[in-house]
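Not measured: the values here are computed from a predicted model.
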Amino acid sequence: MNWAPIITRGVSAAVTLGARVTIHGQEHVPMSGPVIVVSNHLSWADPAIFVGRFPRHIVFMAKEELWRNPFLRMLGLGHGDILVRRGEA
């Protein structure tokens, strides 16, 4: 069983507990077919919140250095994330 989506949604729920999260434009995201969503984030919690609140499966492009952390590597592999080597992309 792939635990990554379950863990990420749990982290999202914990991070947003007691916080007000506002998402604008979600109604424009198609529920099927290809889509590219571009997001700029301000903190380490933003990607977890994004995954927890987005209506579809998300695959992130992430810098390779994040996967040095075993927990983030496990989540990234479970989500199907794409590693990007800075200077080579």
Side-chain angles (χ1 to χ4, degrees):
M1 178 174 197
N2 182 1
W3 292 96
I6 296 166
I7 292 169
T8 306
R9 291 196 185 275
V11 169
S12 176
V15 168
T16 59
L17 189 64
R20 183 175 22 177
V21 177
T22 305
I23 299 172
H24 298 280
Q26 191 169 348
E27 67 277 6
H28 300 293
V29 177
M31 291 307 291
S32 63
V35 64
I36 295 175
V37 177
V38 179
S39 173
N40 199 4
H41 61 90
L42 301 175
S43 85
W44 64 269
D46 292 349
I49 294 169
F50 195 71
V51 167
R53 299 297 176 102
F54 204 71
R56 299 178 51 162
H57 174 74
I58 297 173
V59 174
F60 287 104
M61 289 183 69
K63 63 181 182 175
E64 181 183 40
E65 296 85 357
L66 290 176
W67 281 27
R68 291 180 188 155
N69 177 307
F71 181 72
L72 294 178
R73 182 178 182 84
M74 183 266 310
L75 289 178
L77 287 170
H79 279 224
D81 293 348
I82 301 165
L83 287 182
V84 177
R85 290 187 177 102
R86 292 180 176 202
E88 296 181 25

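- Scored by the side chain to side chain contact (heavy atoms under 4.5 Å, CB included) test, E27 finds no partners at all (sequence neighbours excluded).
- Of all non-hydrogen atoms in V35 and R56, the two that sit nearest each other are CG1-NH1, 3.4 Å.
- Taken from CZ in F60 to CD1 in I82, the straight-line distance is 11.5 Å, to the nearest 0.5 Å.
- Criterion: ILVMFWY side-chain heavy atoms under 4.5 Å apart, direct or through other members. Under it, M61 and V59 are part of a common hydrophobic cluster.
- For R86 (side chain) and E64 (main-chain N/O), no donor-acceptor pair under 3.5 Å exists by modelled atom type.
- Legend: residues meeting side-chain hydrogen bond (donor to acceptor under 3.5 Å, both in side chains) with E65, ordered by chain and number and at least two apart, are absent.
- Residue pairs meeting the side-chain hydrogen bond (donor to acceptor under 3.5 Å, both in side chains) criterion with at least one member in residues 69-82, sequence neighbours excluded: T8-H79.
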